[in-house]
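Chain A is the first sequence line, chain B the second, and so forth, proteins listed ahead of strands; every chain is numbered from 1. No hydrogens, no waters, no symmetry mates; every other heavy atom, side chains included, goes into these values.
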Amino acid sequence: MHEQEFAKTVAWLLRIQAILAALSGLGFAMIGGMAWAMAALIGGGIGVFLTVLTAIRVGLALGRDPKGMVRAFYRAMALKFVLAVIMFVIVAQWFAGYFLPVVTGYAATAVAYWLAMHRMAHLPETTTGKEKRDSV
Amino acid sequence: MEGIELAGLLAQIQANTAIAVGLIFAAAALGTGIGFALLGGKFLEGAARQPELAGMLQVRMFIIAGLLDALSIIGVAFAALLLFANPLLGAVQGAVGG
């Protein structure tokens, strides 16, 4: 059951991230042309890629005991951080002229997490476990 | 003489940039470290109280961790820019025609 909820949340998150990355690409296309739009899309792509990678690693650990889940979670987050640093160092080293749109594209995908938190706060009670607790 | 002054100015910018990058890394490490420690601790606490909710808590933890990570990654990205393609140095070099 939780696997389904996790898959649904991740699918929603990825959809919103893709939309936000496309919007930032559109914005930069109007400001600085196609090159800046591509850079913003690449930044958004970095965000989406990192979310997919983390979601796969966290999702695979869902059925385990809590200790195993936390271990898998921390490993996934460490991998995400290392990969993000590597990718942004590559951008800063060789594509410094496009740094602003790349970071903005990435930041746009981070906004999706805020929206996901907002969505979580308005979920029906059945998915928060309250109903289950009340019925016991 | 002008060359020495310019070198001094560039050295000053580089030194301040190094301090700024160090502060960014330290703040990012401290923030994510404390945040993830609290997150993992609370998750284990919640899972110990109600083991049947561990999966649901993991979903919530994933969302909050995404936010926690994203902000420090953006900070580290700017630190990488300051380290590898410092725009502050470029402004000085451009002003003196170098």
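The minimum heavy-atom distance linking B:Gly55 with A:Leu62 is given by the pair O-CD2, 4.0 Å. For A:Val70 against B:Gly40, the heavy-atom pair with the smallest separation is CG2-O, 4.5 Å. Of all non-hydrogen atoms in B:Leu67 and A:Ala110, the two that sit nearest each other are CD2-O, 3.9 Å. Scanning all heavy atoms of the two residues, the minimum distance from A:Lys80 to B:Asp69 falls at CD-OD2, 3.3 Å.
Each of A:Leu26 and A:Leu41 belongs to its own hydrophobic cluster when Ile, Leu, Val, Met, Phe, Trp and Tyr are linked at side-chain heavy-atom distances under 4.5 angstrom. Transitive grouping of hydrophobic side chains (ILVMFWY, heavy atoms separated by less than 4.5 Å) brings A:Val48 and A:Trp114 into a common cluster. When the side chains of ILVMFWY residues are joined at heavy-atom separations under 4.5 Å, either directly or via intervening members, A:Met38 and A:Val91 end up in two distinct hydrophobic clusters. The hydrophobic clustering, which links ILVMFWY residues whose side-chain heavy atoms are closer than 4.5 Å, places B:Ile34 and B:Phe25 apart. At a threshold of 4.5 Å between side-chain heavy atoms, the hydrophobic network of Ile, Leu, Val, Met, Phe, Trp and Tyr places B:Leu71 and A:Val111 in two separate groups.
B:Phe36 touches chain A through backbone and side chain together, each having a heavy atom under 4.5 Å away. Contact annotation for A:Trp94: neither backbone nor side-chain heavy atoms come within less than 4.5 Å of a heavy atom of chain B. Interface remark: A:Val58 contributes backbone and side-chain atoms alike to the contact with chain B (heavy atom separation under 4.5 Å). Of the atoms belonging to B:Ala28, not a single heavy atom falls under 4.5 Å from chain A. Residue contact with chain B, scored on non-hydrogen atoms closer than 4.5 Å, involves the backbone and the side chain of A:Ala55 alike.
Comparing A:Phe99, A:Phe81, A:Tyr106, A:Phe88 by how many heavy-atom pairs each has under 4.5 Å with chain B, the most go to A:Phe99. Counting heavy-atom pairs closer than 4.5 Å to chain A, the top-ranked of the candidates B:Ala47, B:Ala85, B:Ala77 is B:Ala77. Ranked by heavy-atom pairs under 4.5 Å with chain B, the first of A:Met69, A:Gln93, A:Arg64, A:Met87 is A:Met69.
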For a quick test of your reading: what N or O donor-acceptor pairs under 3.5 Å do the side chains of residues 7-19 of chain A make, sequence neighbours left out?
residue	atom	partner	partner atom	Å
A:Thr9	OG1	A:Glu5	O	2.7
A:Gln17	OE1	A:Thr51	OG1	3.1
A:Gln17	NE2	A:Thr51	OG1	3.1
A:Gln17	NE2	A:Thr109	O	3.1

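Remark: A:Phe73 CZ is packed, more than 12 non-hydrogen atoms of other residues, nucleotides or ligands lying under 6.0 Å away. Within 6.0 Å of OH on A:Tyr74 lie more than 12 heavy atoms contributed by other residues, nucleotides or ligands.
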Side chain to side chain contact (heavy atoms under 4.5 Å, CB included) for A:Val85 and B:Ile73? Distances and angles first, verdict last.
CA-CA 7 Å; A:Val85 169; B:Ile73 286 171; 5.9 Å; no
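Put simply, CZ on B:Phe62 and CE on A:Met77 are 5.5 Å apart, with the number rounded to the nearest 0.5 Å.
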